[in-house]
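What follows is a short report on a single structure.
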Number of protein chains: 2
Amino acid sequence: MSELEAKVLPEATVARLTQYLRALNALESRGLERTSSGVLAKEAGVNPAILRKDLSWLGSYGTRGVGYVVRELSEHINNTLGLNRDWRVLILGAGNLGRALSGYAGFTTRGFKVRAILDVSPELVGTEVGNLRVEPRNDLAEVVRREEINIAVLAVPGDAAQDLVYELGELDVNSVLSFAPKPLVVPRGMNLRRVDLSTELQILAYLAVQP
Amino acid sequence: MSELEAKVLPEATVARLTQYLRALNALESRGLERTSSGVLAKEAGVNPAILRKDLSWLGSYGTRGVGYVVRELSEHINNTLGLNRDWRVLILGAGNLGRALSGYAGFTTRGFKVRAILDVSPELVGTEVGNLRVEPRNDLAEVVRREEINIAVLAVPGDAAQDLVYELGELDVNSVLSFAPKPLVVPRGMNLRRVDLSTELQILAYLAVQP
DNA sequence: ACGTGTGAAACGTTTCACAGCC
DNA sequence: GGCTGTGAAACGTTTCACACGT
């Protein structure tokens with residue numbers, strides 16, 4: 001059976017599962033105990049067919065002719081996504097973006113805890129960000145160990161990003177979310193996701209020009 | 001000829017074109033005048049085949065056996081993406097994220113200019129953000145007209161986002177970049193792109209759990 | 001000889017449509 | 001009757017491989 005156990009869920013499915021979770025929470029807080037692919041899909045902003053196909057990857061958790069039990073489904077997606085454990089986040093860069101991210105609601109919910117924030121600039125080191133104090137960039141290794149970091153967020157200028165990626169890899173931090181506007185070379189075994197704000201604007205510009 | 005003139009370039013191609021632009025800039029600043037799909041692809045972090053296929057949508061701008069002229073290609077992509085005009089950006093929400101975005105380098109390059117920033121909170125209205133002053137949310141219509149806004153960025157809590165989207169649609173601002181952690185219903189003709197930070201973290205969590 | 005430009009194959013994702021079960 | 005779960009079709013995207021122009 002255990003061949004080499006490749007990735008199980010399609011990438012696109014994983015992205016949508018997070019949306020279903022949010023939608024299920026919304027339904028639950030509205031007092032609903034059961035739902036259907038139609039209702040849930042509407043809440044999540046997708047079409048019902050793909051929602052059912054996505055859920056079918058997790059096994060049969062619905063009842064034909066009836067639908068899904070909100071709490072049960074929500075629990076199951078949570079487990080599948082690995083959100084039933086603690087994720088300790090380190091933010092690299094205490095500029096505007098880094099500070100904004102450390103307080104961002106989405107970053108502090110569902111098991112994600114921002115545990116430390118680092119910067120190179122001596123002016124920023126020591127200043128307060130939320131309930132954290134900015135620590136020096138050179139303490140990276142020590143901070144990673146002390147706080148048992150498992151996810152890093154790069155909110156640094158493009159030039160600094162690549163070195164940090166390598167260093168994080170050495171320290172066995174293998175999940176990185178980068179806001180640096182550059183493609184990065186990722187060490188073996190690292191999962192890196194990029195959010196590129198200027199790319200998003202440029203795509204909008206293109207779409208706006210279309211007739 | 002002009003049927004109804006649908007979108008010309010595949011979505012995925014548009015996203016990569018922005019990366020090629022950045023890569024071309026990097027090559028140019030290194031003094032290179034010519035390049036090839038191999039070199040450029042490496043710089044942009046993609047494979048050469050798809051780069052050539054992407055560029056073929058724009059027409060033939062390379063020379064067989066030789067490659068591409070950096071400046072020429074760069075210019076051409078710029079035009080195709082509509083980056084040869086002015087884009088006047090409005091930021092909605094002057095919280096941490098909104099303030100960070102207004103100063104973010106990617107937001108201020110290549111023809112994009114942040115022209116105004118709005119917030120509902122009386123405490124924030126009147127405060128300075130970069131070289132702008134936060135204006136009251138209720139002045140939305142007036143500000144859009146005054147600054148001739150054509151792109152809006154939503155850095156507001158999820159609940160406020162949907163109303164703003166409708167209102168922006170009325171005001172003929174049809175390009176919106178949303179950071180609200182919710183799917184939004186978009187008015188006809190509007191282009192909306194979402195950046196969902198907590199979704200990104202959750203995807204990382206899932207990937208990290210994979211064996 | 002070399003690197004582009006591009007059909008054709010391979011792959012991934014979404015939509016359709018309906019059999020199966022409650 | 002209604003809604004799930006899922007093969008099969010449709011669509012979109014990436015990769016391959018090579019003919020063609022310089």
Side-chain angles (χ1 to χ4, degrees), chain A residues 6-20 23-24 27 32-74 76-77 80 183 199 203 206-207 210, chain B residues 6-20 23-24 27 32-74 76-77 80 183 199 203 206-207 210:
Chain A
K7 292 205 183 77
V8 258
L9 309 185
E11 176 96 7
T13 294
V14 175
R16 279 188 303 265
L17 284 175
T18 67
Q19 309 302 309
Y20 305 158
L24 285 164
L27 296 182
L32 296 179
E33 285 176 16
R34 300 157 164 285
T35 188
S36 66
S37 62
V39 172
L40 185 53
K42 184 154 197 199
E43 183 70 32
V46 303
N47 89 35
I50 197 135
L51 185 149
R52 291 199 303 276
K53 179 133 274 182
D54 284 340
L55 294 185
S56 77
W57 286 95
L58 317 188
S60 268
Y61 278 81
T63 312
R64 293 175 190 219
V66 180
Y68 304 89
V69 175
V70 172
R71 172 64 68 92
E72 195 180 298
L73 184 57
S74 166
H76 194 57
I77 297 178
T80 307
T199 291
I203 294 174
Y206 169 74
L207 293 173
Q210 288 312 104
Chain B
K7 293 203 181 79
V8 258
L9 309 186
E11 175 96 7
T13 295
V14 175
R16 277 189 304 266
L17 285 175
T18 67
Q19 309 302 309
Y20 304 157
L24 285 165
L27 296 182
L32 297 179
E33 286 177 16
R34 299 158 166 284
T35 188
S36 67
S37 61
V39 172
L40 185 52
K42 182 154 198 200
E43 183 70 33
V46 303
N47 90 35
I50 196 131
L51 186 148
R52 292 201 303 278
K53 179 133 275 183
D54 284 341
L55 295 184
S56 77
W57 285 96
L58 317 187
S60 269
Y61 278 80
T63 312
R64 295 177 188 217
V66 180
Y68 304 91
V69 175
V70 172
R71 173 64 68 92
E72 194 179 299
L73 183 56
S74 166
H76 194 56
I77 297 178
T80 307
T199 290
I203 294 174
Y206 169 74
L207 294 173
Q210 286 315 102

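What you are looking at is a predicted structure, and each value in this text was computed from that prediction instead of being measured. Letters A, B, ... mirror the listed sequences (proteins, then strands); counts begin at 1.
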Out of D/dC16, D/dT22, C/dG3, whichever nucleotide has its closest atom nearest the side chain of B/R64: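 Between D/dC16, D/dT22, C/dG3, the one nearest the side chain of B/R64 would be C/dG3.
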I want to check one thing: is the phosphate of [N], taken as OP1 and OP2, less than 4.0 Å away from some side-chain N or O of [X]?
X     : N      : value
A/R16 : C/dT14 : yes
A/Y61 : D/dC3  : no
A/N47 : C/dT14 : no
A/S36 : D/dC3  : no
A/S37 : D/dT4  : yes
A/S60 : D/dG5  : yes

Would you kindly give the [atom1]-to-[atom2] distance between [X] and [N], to the nearest whole Å?
X     : N      : atom1 : atom2 : value
B/L58 : C/dT4  : CG    : P     : 14 Å
B/W57 : D/dG12 : CH2   : C1'   : 10 Å
A/E11 : D/dT14 : CD    : C1'   : 15 Å
A/D54 : C/dT15 : CG    : P     : 11 Å
A/R52 : D/dG2  : CZ    : P     : 15 Å

Is there a donor-acceptor pair closer than 3.5 Å between any side-chain N or O of A/Y206 and the backbone N or O of B/L9?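 Answer holds: yes.
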Does B/H76 use its side chain to pair, donor to acceptor, with the backbone of B/L58 at less than 3.5 Å?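 Yes.
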Along DNA chain C (nearest heavy atom to each residue), the more 5'-positioned of A/I50 and B/V66: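 The residue mapped nearer the 5' terminus is B/V66.
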When the nearest nucleotide of DNA chain C is assigned to A/K53 and to A/G65 on a heavy-atom basis, which residue is associated with the more 5' position?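 That would be A/K53.
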Sugar-phosphate only, base, or nothing, as touched by A/P10 at under 4.0 Å among non-hydrogen atoms: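 Answer is sugar-phosphate: A/P10 comes under 4.0 Å of backbone atoms only.
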